[in-house]
Amino acid sequence: MNTSTILLVLLSVVIASGLSYFQYFYKAKSKSSRTNLLAFLRFTTVFGILLLLINPIITRSTFETIKTPLPIVVDNSASITDLKAVANAKEVYEKLISNSDLKQKFEVQSFGFDSEFQSIDEFNFKGKETKIDLVATNLKNLFKNRTFPTVLITDGNQTSGSDYVFSFDSNNKVYPLVVGDTTTYLDLKINTINVNKYAFHKNKFPVEVFLQYAGTKSVNAKFTISQGNETYTSQNITFSPNKKSEIINVLLPADKTGVHVLNAKITSPENEKNTYNNVKKFAVEVIDQKSEIALISAINHPDLGAIKRAIETNAQRKVTILKPGQINSLVNYNVLVLYQPNAEFKSIFEANKNFKINTFIITGNKTDFNFLNQYQSDFEFKMSSQKEDYLANFNTNFNLFALDNIGFENFPPLENQFGTITAKPNVSVLLSSSIRNVATNAPLLAYSETTGKRNAYLFGENIWKWRAENYVSKKSFEEFDVFLDKTIQFLASNDSRKSLIVNHERFYNSGDAIEITAQYFNKNYELDEKARLSIAVTNTKTKQVKKYDLLKTSSNFKVNLDGLQPGGYSFQVKELNSNSNYSSTFEIIDFDIEKQFVNPDLPKLKQLATQTKGMVYVPNQVDELIKNLLENPNYKAVEKAIVQKTPLIDWYWLLILISITLACEWFIRKYSGLL
């Protein structure tokens, strides 16, 4: 308390004493013990009330010792088991975690990681993935703005995630403790296989294979790709200490439709410690038809290249850019993309009256809207010659097909002629337009479906800016390309809309997340959130059947089938109220990424230690690591003073005391006849 508060408290004592004396002792004819008690009660009451009015702040100081955190992080992935390093990992962990000197100097904390980072002290070494970069991210969040060392017990083999060497804070030392045999063994490995998911019937599809070698002598090896008893390619390869990798590029025939699981294998006469990584399976789905899209434009524009590249990211699509006068026949095309049509497109519209090919019409500043009014019946245009910029607004009630909002509201505006666009009843609007954040309620991207004929309309040019913006924000064109591909997919099929739509892959790698999503539409083609969907999954070899319910999410129904063994599966999704069903198949390919390693990644861990100014240790050097941590002068405990300031008005006991003294004084005076 400061000086003025102390003086006020003393003044309160004087005032309370004066009032008590004046009432009970001044001019009193007689004094008794009861009078003394009443005077004391009055003094206590008045003094308590004055204290509450003054409200002095009472300060209390306590001291807390803060130790430097010492996270001991253990690799809990299956690669530790495969490298036969479980015993070493547990032994060094126990030695570190139980050291009393470390506990006295540091706040020792235990963590484990595989595909996730968590605080644990028991490890099973069964994780299916290794993400060492998660350690760096989580430790930064846990110990912000603090300097601390990290002991990382691992083999250094990361299977997914970003480069962990540069993920750790360079100001905090990392001490990798390498488990596993660091002796270099001879090892041939299929590192990566790059192949498209889809190929077209009677064509050839490319396969790129990266082979890797670890060893100290020259080795002759044989690489093959086969399916069953049929070998598609076979090559002899030589590795040496100076040639430790090889890239194989081959073209394989797509002779039969369906999903094909192929086997890539590398062998040699040498004995290898680990042969699991000599074999890798991959799958290709051969499709018997390719969608041919004609992109027709009378002008040159950046949109044409962006549209072509986006559509052709799906290997099932082929886009040909043409002038209106270059088309002799429409019979070879599945979809027509008409870019800013004008009178030059008359012959195409006339010919399409007979072919009834689905069209995607994109308008802009060069579009002849009077011409469009004559050759389409989905919209009525009343446009001026003035240009305007239109922003997009996503319609969450759109249900022609499943499509997520990829951030349309944040995309640059599209440019189109200013005017009124009136939609007919058969039109579904995905994106509406706004001008400078003022909604126009006019369509920007819309779809129509009438008597088996489907059309899509985009009212604005410069869609290339959307694709560029998507790349800037997401570092990938994928979301935009998928959005445009779904429009093409809608147009490429003339089938009437199904009430049950199921999305799934035709093959998965063992250990991947196996998710199947579905949407169910009622007779009004509205998304039915009350639908009851179930799935029955049958192993085609064992005939074992497993049944699951699909759970409702914000936009669809979803089931997770993780845990299924490698092999072929057929499945049926059924809506229980209407008995609508969908049947298909998928394949789970046997692949365990954690079994790909024969040695710890010592060079990478040394790089990490150098980057953070730490040091690499092996299990028999754990005592040196402990000594280093204990002798390091940078990690000292800090004594922190904690000052607590409590206002007296928060002391409810003082209020209770005042109430009691007032009540006692009143009862005593009442009993004595003084009231």
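To the nearest 0.5 angstrom, Asp169 atom CG is 10.5 Å from Leu139 atom CG. Between Glu285 atom CD and His260 atom NE2 the span is 9.0 Å, to the nearest 0.5 Å. For the atom pair Glu478 CD and Ile406 CD1, the distance stands at 11.0 Å (nearest 0.5 Å). Note: Lys547 NZ to Thr538 OG1 = 9.0 Å, rounded to the nearest 0.5 Å. One distance of note links CG of Asp133 with CG of Asn138; it measures 9.5 Å at 0.5 Å rounding. Rounding to the nearest 0.5 Å places CG of Leu134 at 9.0 Å from CG of Asp114.
Annotation for Asn405 and Gly407: closest pair OD1-N, 2.9 Å, computed over non-hydrogen atoms. Between Ser534 and Leu550, the shortest heavy-atom contact is C-CD1, 3.8 Å. In plain terms, the two heavy atoms of Phe106 and Pro149 that are nearest each other are CE2-CG, 4.0 Å. Nearest heavy atom pair, residue Asp481 against residue Arg467, reads OD1-NE, 2.9 Å. Between Leu188 and Glu272, the closest heavy-atom pair is N-OE1, 2.9 Å.
Partner of Val573 under the side chain to side chain contact (heavy atoms under 4.5 Å, CB included) criterion, chosen from Val502, Val559, Ile501: Val502.
Under a cut-off of 6.0 angstrom, the local environment of NZ in Lys105 is crowded, with over 12 non-hydrogen atoms contributed by other residues, nucleotides or ligands. Counted within 6.0 Å of NZ on Lys140, heavy atoms from surrounding residues, nucleotides or ligands total more than 12; the atom is thus considered enclosed. Heavy-atom contacts from other residues, nucleotides or ligands closer than 6.0 Å to CD of Glu116 number 12 or fewer. Counting heavy atoms of neighbouring residues, nucleotides and ligands inside a 6.0 Å radius, atom OH of Tyr471 does not exceed 12 of them. Counting non-hydrogen atoms of neighbouring residues, nucleotides and ligands closer than 6.0 angstrom, the CD atom of Glu208 exceeds 12 such neighbours.
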Which donor-acceptor pairs under 3.5 Å do side chains of residues 88-99 form with protein atoms, sequence neighbours excluded?
unit_1, atom_1, unit_2, atom_2, d
Tyr93, OH, Ser110, OG, 2.8
Lys95, NZ, Asp623, OD1, 3.2
Lys95, NZ, Asp623, OD2, 3.4
Ser98, OG, Glu94, O, 2.5
Asn99, OD1, Asp101, N, 3.0
Asn99, OD1, Leu102, N, 2.9

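By the 4.5 Å heavy-atom criterion applied to side chains, Lys222 and Ser234 are counted as neighbours. Looking only at side-chain heavy atoms (C-beta outward), Thr147 and Asn171 stay at 4.5 Å or farther from each other.
Listed for the Lys84 side chain is no donor-acceptor partner under 3.5 Å among the backbone atoms of Thr81.
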* To do: Step by step, work out the side chain to side chain contact (heavy atoms under 4.5 Å, CB included) result for Ile225 and Ile248.
  => CA-CA 11 Å; Ile225 296 178; Ile248 305 294; over 6 Å; no

* Asked: Stepwise, does the side chain to side chain contact (heavy atoms under 4.5 Å, CB included) test hold for Phe282 with Val209?
  -> CA-CA 11 Å; Phe282 63 97; Val209 184; 6.0 Å; no

* Stepwise ring pair (Phe, Tyr, Trp, His ring centres under 6.0 Å) test for Phe117 and Phe111 -> CA-CA 7 Å; Phe117 179 87; Phe111 300 95; 5.1 Å; yes

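In summary, the aromatic rings of Phe586 and Tyr508 are positioned with their centroids under 6.0 Å apart.
A donor-acceptor pair shorter than 3.5 Å can be found between the side chains of Asp75 and Ser77. Of the N and O atoms on the side chains of Thr238 and Asn220, at least one donor lies less than 3.5 Å from an acceptor on the other residue. Side-chain contact check for Asn277 and Asp187: at least one donor-acceptor pair (N or O, by modelled atom type) lies under 3.5 Å. In this structure, a donor-acceptor pair under 3.5 Å is present between the side chains of Ser79 and Asp155. Side chains of Tyr617 and Glu624: a donor-acceptor N/O pair is absent below 3.5 angstrom, by distance only.
Under the ring pair (Phe, Tyr, Trp, His ring centres under 6.0 Å) criterion, Phe125 pairs with no residue, sequence neighbours left out.
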